[in-house]
Structure formats: C-alpha cells, structure tokens
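Accompanying notes for the structure given below.
Index from 1, following the sequence. Note that the structure is a prediction, hence the values are computed from the model and not measured.
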Amino acid sequence: MTTDPLVIFTPSGKRGTFAKGTRVLDAARQLGVDLDSVCGGRGVCSKCQITPSYGEFSKHGVTVHDDALSEWNAVEERYDTIRGLKKGRRLGCQATLQNDIVIDVPEESQVHKQVIRKAADTRTITMNPATRLYYIEVVEPDMHAPTGDFERIKDALREQHNINDIHTNLNVISTLQKPLRKGDWKITVAVHTPVDGGPRQIIDIWPGYFEGPLYGLAVDLGSTTIAAHLCDLTTGAVVASSGLMNPQIRFGEDLMSRVSYSMMNEGGAADMTAAVRDALATLVTEIATEGEVDANHIVETVIVCNPVMHHLLLGIDPVELGQSPFALTTSAAMHLPMSDLDIKTANANAQTYLLPCIAGHVGADAAAVALSERPDQADELTLIVDVGTNAEILLGDKSRVVACSSPTGPAFEGAQISSGQRAAPGAIERIEIDPVTKEPRFRVIGSDIWSDEDGFDLAIATSGITGICGSGIIEAVAEMRAAGLVDASGLIGSAEQTGTPRNIAEGRTHAYVIYDGTADGGPLITVTQGDIRAIQLAKSALYAGARLLMDEMGVDAVDKVVLAGAFGAHISTKHAMILGMIPDALLANVTSAGNAAGTGARIALCDVNARRTIETLVGKITKIETAIEPKFQEHFVNANAIPHATDPFPELSKIVTLPDVSYNSNDGGGSGGRRRRRRG
C-alpha cells in the first residue's frame with residue numbers, strides 16, 4: 001500500500017499529506033503556509049524558492065531521502081542559468097512531492113516578511129501590504145467568444161490566483177489594451193485589496209513580467225509640518241524620508257485659528273484644502289526624486305492627521321469642530337483613490353487610506369500613536385504624549401485605554417518665543433546653566449560641539465547662532481529654574497536677586513541673556529518673561545490633559561511615560577520633568593518613541609491587518625473632552641507652577657534639588673529671593 005507523502009514546512013511547523021506529484025506551492029497554499037508567488041506558478045518570478053532538508057528528523061518523526069522531491073527540471077535549469085538559484089534551493093512551483101519531506105521557507109520567500117525598526121525600542125513590522133503584484137497570462141481575443149479584454153483579465157486572475165470580485169476605474173480600462181498586446185497577452189497587474197472587504201481594484205498594468213518594486217507613502221499630516229516616509233511595499237524598507245511646512249500655517253498657526261478662519265472667511269476652508277493638497281502633491285514628487293524611484297510606482301498612501309486637518313484634507317468645513325459637541329462629519333477610516341482628493345500625482349490610480357479618528361479633538365494621528373505604541377498591550381500603566389501644536393495624550397494598560405487632546409499651541413516648536421525659530425542649523429537646541437556662576441553653555445543644530453569647547457566657532461562658521469528652537473527653550477526654562485534664575489511661579493529675578501548680570505531689565509520684568517552677538521552684528525538671544533509665560537501655558541495644558549486621564553483611571557501616578565512626536569524625540573526627559581510638562585515618574589521609565597504617529601502610519605501602510613487592528617482598538621478607547629471637563633481649569637492653574645503647585649514630584653526630587661526662591665513683586669531688590677513680610 002502506497003502512503004501519500006508527508007510534508008512539513010518550517011518555520012511555521014504546518015504539515016499535511018498530499019498525493020504524490022503535488023506541487024510544493026500547491027501544498028503550501030492548501031496548508032496556509034507563507035510562501036510567495038507572483039507569477040502563478042510558471043517559474044518566472046522565483047518568489048516561491050524553498051530549501052528542502054534531507055536526513056532524519058526525530059522532532060518531526062520523519063526521515064527524508066534524496067528522492068523526496070521530483071528531479072530538477074528544465075524550468076529550474078533555465079532560471080538558474082539566467083538569474084541563479086542559491087545552492088540547495090528549488091522552485092516550489094516546479095518541485096513536486098514524491099516522499100516525506102521537510103521544507104524550509106526562507107525569509108525572502110515569505111509573503112509576510114519581518115522588518116526591524118529601531119527607534120526608542122526594537123519592534124517588528126509584518127509585511128502584508130494592501131497592494132500586490134500578480135503575473136497572469138490572458139486568453140487572446142476570439143471572434144467566436146466575444147468577451148472584452150478586461151473580462152478576460154478578470155477570468156485570468158480568478159483562475160490563476162483565485163482572486164474574485166475584481167473592479168477597476170476608467171483610467172485603467174482606457175489604457176489596458178496597449179500593455180496586453182505589448183506583453184503578448186502576458187501582463188502583471190497591481191491589485192489593491194481594501195481592508196473594509198470592498199471589491200478588489202486593479203490600479204495598474206505592466207506588459208509581461210514586472211517584479212516591481214511598488215512603493216507607498218506613510219504621511220503624518222501635522223498642523224505645522226507634513227512628514228512622509230517612502231516605503232518599499234515588498235520589504236518595508238524606508239527608501240526616502242522628506243517633509244515640508246504645512247502651507248496652512250498662513251491661515252493660522254494653531255487648529256482653532258484655522259477653524260476660526262473658515263468661519264470668518266467665505267471659501268476659507270476650500271482655500272486651506274487646496275493648499276494642503278498642493279503641498280502633498282509636491283511632497284510626492286520631491287520624495288520620489290529623493291528616493292530615485294519612478295513616481296508612477298507609488299501606488300498607495302496612508303495618511304494620519306488630527307481631526308481639523310482630516311476634515312480640511314477631505315474638503316470638509318471644520319466649523320463643527322470649533323464648537324461643542326465637536327462633531328466629526330465621519331470618524332471612520334477612509335478608503336479612497338488619491339484622485340478623489342484631487343492630489344495631482346504621477347499614478348492617477350493610487351489609493352489612499354486614512355486611519356480612523358478617535359473623537360472630535362482626538363484624531364487619526366492619536367490612533368496611529370496607539371497602533372505604534374500599543375498601550376492596550378502594556379502591563380504597566382503607560383502615559384503616551386505626542387507633543388506638538390495640539391498634543392494627543394493616551395493613558396492605559398491591558399485593562400483600559402483613555403485618550404484626550406490638549407491645545408498646547410506652537411510655543412513648544414519655537415513660535416511665540418522672542419528669540420524662537422524652527423529647528424534648523426544655527427538654532428540653540430541644548431543648554432546647560434551653571435547653578436553657581438549662572439553662566440550658560442549651549443549647542444546648536446548642525447554641531448556636536450558645546451559653546452565653551454575648542455572648535456565651536458569653526459563648527460558653526462557656516463550657520464552661525466540664529467535663535468532658539470523648541471527643545472532649546474524647554475531646556476533653557478528648566479535650567480533657569482534649576483539654577484535659581486526663575487522661581488516656582490515662573491518669575492525671572494533681577495540681576496541683584498540672582499547674582500548675575502545676565503538677568504537684564506526689560507521694563508518691569510527681566511530677561512536672561514543666553515548669547516549676545518550684537519557686537520558682530522549678530523542676534524541678542526534671551527529668554528524673556530513673556531517666553532516663560534508662553535511655555536507655562538503650553539506645558540500647563542499638556543499636564544492638565546494628562547491629569548484628567550489619570551483622574552479617569554483613578555490614579556495619582558503612572559508607571560511609564562513615552563514622549564512621542566518628532567519634537568518629543570529631541571526633548572530632554574529630565575528637563576521636561578523639571579518644567580512639569582509630564583507627571584512625576586522614575587526617570588529611567590521616561591522614554592522617547594520618536595515620530596510614533598509616522599511609525600503608526602508606516603505600520604498601517606505595510607500591513608493591511610494592522611488597519612483592522614486599529615479600527616477595532618479605536619472603538620474601545622475612552623475619549624475625554626478637555627474643553628468641557630470642569631476639572632481641566634483647576635489642573636491647568638495648578639500646573640502653571642514649575643514644576644507644579646500641588647502635585648508632588650518625589651522621583652524628580654531624588655535627582656534635582658530646585659532652589660526655594662521667590663521673586664514676586666513684594667521682594668525688594670536686595671532680598672536675594674527671600675519673601676518679605678508685608679507691613680500692616
């Protein structure tokens with residue numbers, strides 16, 4: 001009695017018995033083994049390479065002999081001659097099962113390849129893109145069977161790849177005949193599979209066998225900047241990264257000012273929509289050039305953004321987001337062709353996916369952060385803060401996740417700061433102030449040398465010293481507090497009170513001089529009392545939002561704090577805690593996740609299943625609306641102090657002792673910061 005061959009696939013461990021002569025590729029498909037194939041098993045693409053293993057496998061209970069697979073055939077011989085097969089490899093579409101066999105599917109033959117992303121931590125991104133290539137051979141037209149070319153393409157996809165319910169648009173229909181005939185009825189099609197279960201779409205066609213790669217864009221559409229990663233949809237590798245300023249800034253730096261612009265100006269929303277769409281089209285062209293790829297091969301875009309940007313991108317007036325109950329037109333994920341957004345790109349058929357919004361003020365960018373950092377899988381209570389013009393805040397663990405948004409404004413990005421500027425070469429990004437001498441030392445973007453080190457002047461000769469950026473102003477205020485130049489209320493002392501001539505008078509207030517380049521025609525870079533107040537307002541909104549979430553969870557402390565956002569990646573965690581931007585925590589448990597929203601967008605781009613995950617997770621997140629919470633104002637006022645008026649910071653006090661000084665209006669010039677008793 002002949003026994004059907006047993007095949008065991010590694011690393012999956014899946015096994016089954018099949019009739020002698022069954023192709024390895026067919027066996028893999030029936031068992032659900034992760035074995036790729038684009039050409040439908042014709043020996044053209046070589047995606048289905050496998051490595052048979054021979055010998056005795058006690059773990060599997062089989063012994064594999066040399067005749068376990070069919071002999072090397074002419075197709076494999078031809079491919080090996082032209083392109084070369086690694087020693088010991090076979091093509092799964094050509095080798096057939098003859099006897100028991102153990103077969104390894106190498107990483108490059110797996111559909112769902114793993115990509116390692118290194119940022120604050122190391123994680124894997126599963127490659128399972130929504131758009132994939134399929135090689136097909138189409139039946140030639142026949143006068144006796146008068147069906148259209150597109151119908152025969154659909155038949156070929158169904159018969160050769162088991163793909164049904166195929167649709168396309170007029171752009172593809174109007175151009176498909178040329179590649180069909182040029183390829184002698186052999187073509188490669190790009191098929192997009194939407195996560196919502198809608199019909200699959202053919203979005204492009206190439207004559208003959210085309211192995212790509214195809215590319216996708218992961219876009220973080222922020223209110224201040226637009227950042228994008230160009231990703232290879234086969235490997236997940238980031239081919240290029242680029243960004244530009246959001247041109248909507250000219251309509252208002254913060255979101256509510258843009259909503260106000262829309263309310264106050266007829267056609268204002270349409271103007272902002274046109275501006276951001278033009279910017280995205282420019283970004284697509286620029287990043288394709290930077291990555292040296294054919295822009296026609298960018299077939300998919302995933303976009304994350306806050307609710308106001310979400311509506312303006314879609315051409316929806318955001319007026320309802322500016323007033324209670326802050327109703328979104330739609331909070332669901334969006335699947336649509338890029339052409340629907342009127343974004344002029346090289347590939348007119350490119351598809352777009354927008355992650356779902358969590359609430360009226362908690363957007364798809366917060367959803368992307370949740371997808372990237374997965375607080376719902378954390379054992380420890382984790383606070384995630386995406387720092388920006390509008391801060392998204394998540395708090396949770398395996399039991400529950402809550403979220404809110406806080407209007408921090410643009411101060412953290414250097415706006416509304418007297419010497420502030422965007423992060424660019426020449427901007428002060430790091431600063432230390434000696435607590436005894438009160439003298440500063442600093443570093444500027446573009447140089448790793450501190451200002452008091454040899455070679456500093458030469459290192460900055462090109463850029464000069466131009467201003468102070470967001471991370472620099474945060475460190476400056478925190479360092480001033482730690483050095484006793486600023487009291488807990490945020491008041492800057494006089495030169496006499498602080499013991500340094502760097503504290504100069506500005507009317508009835510004072511400012512601290514970081515750098516004076518006026519003698520050489522350069523800038524005078526100071527931290528003014530107005531700068532301190534702007535930072536206090538921003539950090540108070542951030543802290544108050546976090547405190548509301550802690551109230552909702554019934555806790556007074558968190559286990560971990562994650563600073564997200566491109567800006568968050570450059571913030572000193574110690575200085576953020578001195579300032580009181582974040583709740584007290586063990587400093588070792590305060591980390592940076594980089595641009596987590598951008599990472600979430602990239603995950604959703606590379607893995608269609610991740611889109612299902614975040615759509616489900618968003619429905620489970622509890623939303624807290626800061627604008628209508630009575631305790632927000634109380635938390636905000638208490639958070640104005642540096643670090644805080646009432647909340648203890650025991651972990652911070654273990655590493656930093658903040659001077660007990662007061663520079664209020666009742667202190668005389670010689671008080672040295674001591675509070676005087678008011679006379680009766």
Side-chain angles (χ1 to χ4, degrees), residues 253 409-447 450-452 456-457 460 463-539 570-572 575 578-579 581 640 642 659 661 663-665 667 669 673:
E253 283 198 313
F412 285 154
E413 296 174 332
Q416 300 178 351
I417 302 299
S418 60
S419 298
Q421 67 167 86
R422 305 293 180 193
I428 294 173
E429 64 170 342
R430 299 290 313 280
I431 182 170
E432 294 177 353
I433 299 175
D434 189 301
V436 177
T437 66
K438 318 299 183 185
E439 286 297 299
R441 67 194 292 261
F442 55 84
R443 261 179 27 195
V444 301
I445 295 175
S447 170
W450 287 84
S451 58
D452 60 349
F456 176 76
D457 291 338
I460 64 161
S463 67
I465 303 170
T466 55
I468 188 165
C469 67
S471 60
I473 192 65
I474 286 174
E475 291 198 13
V477 176
E479 284 284 316
M480 289 171 68
R481 177 73 184 93
L485 300 170
V486 170
D487 66 16
S489 72
L491 193 66
I492 302 176
S494 66
E496 188 177 10
Q497 289 171 319
T498 59
T500 175
R502 285 187 174 272
N503 278 26
I504 60 175
E506 285 195 341
R508 299 181 63 181
T509 62
H510 298 88
Y512 176 73
V513 178
I514 296 177
Y515 170 74
D516 186 355
T518 55
D520 299 318
L524 175 66
I525 299 175
T526 63
V527 178
T528 69
Q529 191 63 65
D531 297 338
I532 299 284
R533 295 305 183 213
I535 291 297
Q536 283 178 288
L537 291 174
K539 75 98 175 180
H570 294 91
I571 299 174
S572 159
H575 291 95
I578 292 173
L579 194 60
M581 285 177 62
N640 262 256
I642 304 174
V661 295
Y663 304 127
N664 67 27
S665 58
D667 286 342

About how many Å separate [atom2] of [Y] and [atom1] of [X], when rounded to the nearest 0.5 Å?
X: D516; Y: R502; atom1: CG; atom2: CZ; value: 8.5 Å
X: I504; Y: L524; atom1: CD1; atom2: CG; value: 5.5 Å
X: S447; Y: R430; atom1: OG; atom2: CZ; value: 12.5 Å
X: M480; Y: D531; atom1: CE; atom2: CG; value: 9.0 Å
X: Y515; Y: S419; atom1: OH; atom2: OG; value: 12.0 Å
X: R481; Y: L579; atom1: CZ; atom2: CG; value: 11.0 Å

Which atom pairs, one a donor and one an acceptor, fall under 3.5 Å between side chains of residues 483-490 and the rest of the protein, sequence neighbours left out?
from : atom 1 : to   : atom 2 : distance (Å)
D487 : OD1    : S489 : N      : 3.0
D487 : OD1    : S489 : OG     : 2.7
D487 : OD1    : G490 : N      : 3.1
D487 : OD1    : L491 : N      : 2.9
D487 : OD2    : S489 : OG     : 3.4
D487 : OD2    : Y663 : N      : 2.7

Self-check item: Member of R443, E475, E479 meeting the side chain to side chain contact (heavy atoms under 4.5 Å, CB included) criterion with E432
Solution: E479
Quiz item: Which one of V527, L537, I417 satisfies the side chain to side chain contact (heavy atoms under 4.5 Å, CB included) criterion with I532?
Solution: V527
Taking every non-hydrogen atom, the tightest pair across [X] and [Y]:
X: V444; Y: E429; answer: O-OE2, 3.9 Å
X: C469; Y: I445; answer: SG-CD1, 4.1 Å
X: I578; Y: A478; answer: CG2-O, 3.7 Å
X: T528; Y: E506; answer: CG2-OE1, 3.5 Å
X: H575; Y: I431; answer: NE2-O, 4.4 Å
X: P523; Y: I465; answer: CG-O, 3.2 Å

Practice problem: Indicate yes or no for a side-chain donor-acceptor contact from T500 to the backbone of N503 under 3.5 Å, with no hydrogens or angles considered. | Solution: no
Practice problem: Give the intermediate values and the outcome of side-chain contact (heavy atoms from CB on, under 4.5 Å) for residues M581 and I571. | Solution: CA-CA 11 Å; M581 285 177 62; I571 299 174; 4.1 Å; yes
Quiz prompt | Worked verdict on F442 versus I468 for side-chain contact (heavy atoms from CB on, under 4.5 Å) | solution = CA-CA 10 Å; F442 55 84; I468 188 165; over 6 Å; no
